[in-house]
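Reading through the structure tokens given below for one structure.
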Number of protein chains: 2
Amino acid sequence: MPDGDWTIPQLAVTVDLAVLTIRSDQLQIMLVERGIPPFQGTLALPGGFLASTSEDIDAAATRELTEETGLRAEHLHLEQLRTYGAPDRDPRQRVITVCYLAFAPDLPSPTAGGDARAATWMPVDKALHKRTTIAFDHKQIITDALERARNKIEYTTLAATFCEPEFTVSDLRKVYEIIWAQPIDPRNFHRKVTGVPGFLIPTGDRTIRHGGRPATLYRKGPATLLHPPILRAAPHGR
Amino acid sequence: MPDGDWTIPQLAVTVDLAVLTIRSDQLQIMLVERGIPPFQGTLALPGGFLASTSEDIDAAATRELTEETGLRAEHLHLEQLRTYGAPDRDPRQRVITVCYLAFAPDLPSPTAGGDARAATWMPVDKALHKRTTIAFDHKQIITDALERARNKIEYTTLAATFCEPEFTVSDLRKVYEIIWAQPIDPRNFHRKVTGVPGFLIPTGDRTIRHGGRPATLYRKGPATLLHPPILRAAPHGR
DNA sequence: CCAAAAGTGTTCACCGTACACCCATGT
DNA sequence: ACATGGGTGTACGGTGAACACTTTTGG
């Protein structure tokens, strides 16, 4: 950090959220419809300006997230994704956005938090489709969020954050299959994840199913890293 | 991004650099001595305020980096590390710092770029030592930079960015050994890295050594990802 | 000849993959 | 009985770790 005591005028900082969840067997992202220009009526990532001069940016992201989802922070994963600062990304003024990535289980209702704005879910595929219009550079942000999510579940236990508090190995496998868009052998996956110490804690209960053997229910354990990682078939991301 | 058209007053955005290099068989980080309070006389990461309202933050980082190192951007690696926005991280005013991580080969002179400020190198170990004082929250940033670097060379070819344009397999291995602070078997390492397609391009020349068989010289090839990654012995970083 | 560093060959243990097979439930 | 999904056993192939060994230089 340099010496000097001046600020660029007309410089604003916002915190935006890329909230991912799995709904209807699809990876979906939370979007809000913009009420004013620019991009009036189009969809954008939820977010907002810093609430006060003394608010930490991480805290601002947490606040936004719990407001939008209505969930408690412990049931979510939140991490900083990247900061976007192209000079023309907002036509009104210079806006720098610190963007956060969040993983959430499927939520009872999109706007359970009581927020006035209409938050909706859209499949990530559809949001990234050529013909879909997303405000600002948010389509790029969604692309980055997807890539980060795909990489992250390889070597962490965060995939479980997409599941309900109690979930089966199948539920967890579905998360991987949906995010990676590739099938996974159920038998080997089962052995793999149950073999990681501290990842899955059996609750003692079992599912009541419509057919088939009942599955053991698990809770997420304290482990955060997977060793060795669950590697995808194809070379990482390129 | 939300609706609204106002800015927090007294909010400044800076771009800081965590530049890593290998000098004297140690991982070192570039620091500058602060000329004015706060933290006058103590060391801090190089960086600065955005040069103009229309400057992209990535471009600002590149500019700072080439100014400080005197090297052309092609010989360096630069990526965004993280944004730090704790409200009290600068006692003067609210400052949000977008921090970048850079890898550089050993440089001819620390301030070859002709910059007036005195840039120095300090071993990362020493910078992170309990008794070393570093300005602002920059010690935390250095910690994050080190962790990122350690992870990054696992699955990318970026370790070669620490080497001269032409280097041997031994040179590259030393980079890994120094950054990971752990010995690596020279034979297996050799086979591993020479086996990655597009990683190492032989120049045809060999080293002239003070003893021992001359080593083949390589240039960095177009490959960017390592598949499979070079995994460290111990569980990743925890 | 010896030391030192580069580079190759070989062995072995482990692990991911593939898949046969058994288990426990609903219909 | 049969379908459906949960979960275990096992054989095979690839790869990383360990290390003996050869190659090529300087002293």
Side-chain angles (χ1 to χ4, degrees), chain A residues 25 153-155 160 163-164 166-178 180 182-197 199-219 225-236, chain B residues 25 153-155 159 163-164 166-178 180 182-197 199-219 225-236:
Chain A
D25 288 345
I153 62 173
E154 258 188 352
Y155 61 94
C163 298
E164 303 298 314
E166 298 199 357
F167 56 92
T168 66
V169 173
S170 279
D171 295 335
L172 185 63
R173 178 168 48 84
K174 267 202 169 174
V175 171
Y176 278 92
E177 290 180 329
I178 289 167
W180 285 345
Q182 75 179 211
I184 296 172
D185 186 293
R187 288 85 51 115
N188 294 331
F189 182 82
H190 185 280
R191 218 193 332 261
K192 175 100 187 185
V193 294
T194 52
V196 177
F199 187 6
L200 301 179
I201 312 293
T203 65
D205 292 335
R206 302 179 152 263
T207 48
I208 301 166
R209 320 296 260 82
H210 41 292
R213 175 176 171 178
T216 311
L217 283 169
Y218 294 92
R219 225 180 283 278
L225 292 174
L226 290 184
H227 257 294
I230 306 178
L231 289 175
R232 284 171 279 174
H236 273 69
Chain B
D25 288 346
I153 62 173
E154 259 189 351
Y155 61 94
C163 299
E164 303 298 315
E166 298 197 357
F167 56 93
T168 66
V169 173
S170 278
D171 295 335
L172 185 63
R173 179 169 47 84
K174 267 201 170 176
V175 171
Y176 278 92
E177 289 180 331
I178 289 168
W180 284 346
Q182 75 178 211
I184 297 172
D185 184 291
R187 290 84 54 115
N188 294 331
F189 181 83
H190 185 280
R191 218 193 335 261
K192 174 100 188 186
V193 293
T194 53
V196 176
F199 188 4
L200 301 179
I201 312 293
T203 64
D205 293 335
R206 301 177 154 265
T207 47
I208 301 165
R209 320 297 259 85
H210 42 290
R213 176 176 172 177
T216 310
L217 283 169
Y218 294 93
R219 225 181 283 278
L225 292 175
L226 290 184
H227 257 294
I230 306 178
L231 289 175
R232 283 171 280 174
H236 274 72

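Everything numeric here is computed off the predicted structure, so don't read it as measured data. Each chain gets a letter, A, B and so on, in the order the sequences are listed, and its residues count up from 1.
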Round to the nearest Å and state the distance from A:Ile184 atom CD1 to C:dA18 atom P.
-> 12 Å

Under the ring-ring contact (aromatic ring centres under 6.0 Å, His included) test, residues paired with A:Tyr176 that sit two or more places apart = A:Trp180, A:Phe189

Sorted by chain and residue number, the salt bridge (charged side-chain N to carboxylate O under 4.0 Å, His left out) partners of A:Asp185 (sequence neighbours excluded) come out as A:Arg187

D:dA11 C1' sits how many Å from A:Asn188 CG, rounded?
-> 13 Å

Rounded to whole angstroms, how far apart are CD on B:Glu177 and P on C:dA5?
-> 13 Å

Does B:Arg213 have any salt bridge (charged side-chain N to carboxylate O under 4.0 Å, His left out) partners at least two apart in sequence or in another chain, and if so, which?
-> none

Before giving the answer on side chain to side chain contact (heavy atoms under 4.5 Å, CB included), spell out for A:Glu154 and A:Leu226 the whole-Å C-alpha distance, their side-chain angles and the decisive distance to 0.1 Å.
-> CA-CA 8 Å; A:Glu154 258 188 352; A:Leu226 290 184; over 6 Å; no

Rounded to whole angstroms, how far apart are CD on A:Glu154 and P on C:dG16?
-> 13 Å

Return the value, rounded to whole Å, for the distance between atom CG of B:Leu172 and atom P of C:dA6.
-> 12 Å

Atom pairs under 3.5 Å: protein N/O with N/O of nucleotides 3-7 of chain D:
| unit_1 | atom_1 | unit_2 | atom_2 | d |
| --- | --- | --- | --- | --- |
| D:dT4 | O2 | A:Gly212 | N | 2.9 |
| D:dG5 | N2 | A:Arg213 | N | 3.4 |
| D:dG5 | N3 | A:Arg213 | N | 3.4 |
| D:dG6 | OP1 | A:Ser170 | OG | 2.4 |
| D:dG6 | OP2 | A:Ser170 | OG | 3.0 |
| D:dG6 | O4' | A:Arg213 | O | 3.4 |
| D:dG6 | N2 | A:Arg213 | NH1 | 3.0 |
| D:dG6 | N3 | A:Arg213 | NH1 | 3.3 |
| D:dG7 | OP1 | A:Thr216 | N | 2.8 |
| D:dG7 | OP1 | A:Thr216 | OG1 | 2.6 |
| D:dG7 | OP2 | A:His190 | NE2 | 3.4 |
| D:dG7 | O5' | A:His190 | NE2 | 3.4 |

5' priority, DNA chain D, between B:Asp185 and B:Lys192 [closest heavy atom] | B:Lys192

Mind checking salt bridge (charged side-chain N to carboxylate O under 4.0 Å, His left out) for A:Lys192 and listing every partner two or more places apart, or none if nothing turns up?
-> none

Taking salt bridge (charged side-chain N to carboxylate O under 4.0 Å, His left out) as the test, write out the residues that go with A:Glu177, two or more places apart.
-> A:Arg173

Measure the distance from CG on B:Leu226 to P on D:dG16 and round it to the nearest whole Å.
-> 11 Å

When rounded to whole Å, the CD1 to P distance for the pair B:Ile208 and D:dG26 reads 9 Å

Is A:Arg191 side chain donor-acceptor paired with the C:dG16 base, going by distance under 3.5 Å alone?
-> no

